[in-house]
Number of protein chains: 2
Amino acid sequence: MVQAAYETFAAEGFLGTTMAAVAKRAGVAAPTMYYTFGTKVALLGETLGAAIVGFDQWRAPPPEPFEIADLLPVHSWWADLLAAPTARDALGVFVAQGTDILKRVGPLVPALHGASGDPEGQEMARVSEERRVETYRAVVDVIATKPRGLRRGMTVETATDIMLVILSAEAYQGFAARGWTHERTKRYFTSLLTEQVLATAD
Amino acid sequence: MVQAAYETFAAEGFLGTTMAAVAKRAGVAAPTMYYTFGTKVALLGETLGAAIVGFDQWRAPPPEPFEIADLLPVHSWWADLLAAPTARDALGVFVAQGTDILKRVGPLVPALHGASGDPEGQEMARVSEERRVETYRAVVDVIATKPRGLRRGMTVETATDIMLVILSAEAYQGFAARGWTHERTKRYFTSLLTEQVLATAD
């Protein structure tokens, strides 16, 4: 169902998507959609969550509220981040998986803008951005304690802000619109953030 | 009238703005709005143009079509760019005025996203982005020929793409959402782009 919702939101935007159309594409009855997700905004929120964790990883709406700190250990990249020997390796792990996530999230950006006309949609976007901020800050905390660490004068707070703006769906879409491939954008995000944020700018 | 339109689009978005509401705020009759601008999308396009050149500089809708190359010499910063002694000075001139423009354009971004549901709105966004690309490329062409110039291995094309993504309303809004002041964002855009694009990264 979330795969069908992803395709429909990406093609039709928020206003153009109906629960009935998603149910039809998924081959389920419309009441099943309402029973599983509740509202169209909640469905979009789950679809965004599935795009972030990966469609094959997605199981079902998690019990709310949850803490990002409880969720991070279940991500496979989190173990790689902790195991990385240097700040530069750790940043590489995060940017590589982060860019893959942005590729999946990008097509939902117009639907997310479309949903912001609705108070429930605004609240969903606010919560989702808050989780993104917490995740990035937790990652920068790990990177900062690795050998070499952050650039001189760079705080965890500033590094987090820079990562949030650069490693974003908007910037990813901007490079895609200029014809950059996924791999080129990933390499450039890695080199830009290494140079801007880390002590290891060589 | 464009000042009233700017305030209305910024507060109400595209769908929430009516020609009648803008006319009322501007203290003119509604038919004057239609006579001067034609459609709501055209009004948004003019409002965007006025936000770019500055509200005090705006006069009236220009005759269409026009060439960016004909328009650049009328911008006061263009002369400063040409007169700048080094690539670094030239980039500083462009980023300083560009960041000021992004501050004015930022509040219109939700209205521009809202207008993209309409074919005329999509076309307006496409033309406006095309002009932005041409302007940035013309600027990078000037910067590239100044003493020291671009970083080794950096083409005009790649430098233009990086400038388009970084010096964007989305990135400006991203830093503003993290609490960065206008001056801090301007300083950071200058240092980031100097380091990423120019040979003078010192």
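Just so we're on the same page: letters track the sequence lines, and every chain starts at 1. Everything numeric in this text was worked out from a predicted model, so none of it was measured.
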Undergrad: May I ask you to say whether R132(B) pairs ionically with E129(B), meaning some side-chain N is under 4.0 Å from a carboxylate O?
TA: yes
Undergrad: Which bit of L164(B) is near chain A, if near means a heavy-atom gap under 4.5 Å: side chain, backbone, both or neither?
TA: side chain
Undergrad: Quick check: does any side chain N or O of Y188(A) sit under 3.5 Å from a backbone N or O of W180(A), one acting as donor and the other as acceptor?
TA: no
Undergrad: Mark yes or no: K40(B) above the aromatic ring of F14(B), with NZ or CZ under 6.0 Å from the six-membered ring centre and no more than 45 degrees from the axis.
TA: yes
Undergrad: Is it the side chain or the backbone of E157(B) that comes within 4.5 Å of chain A heavy atoms, both, or neither?
TA: side chain
Undergrad: Given a strict heavy-atom distance threshold of 4.5 Å, which part of I166(A) is in contact with chain B: side chain, backbone, both, or neither?
TA: side chain
Undergrad: Is there side-chain contact between W78(B) and V139(B), with heavy atoms separated by less than 4.5 Å?
TA: yes
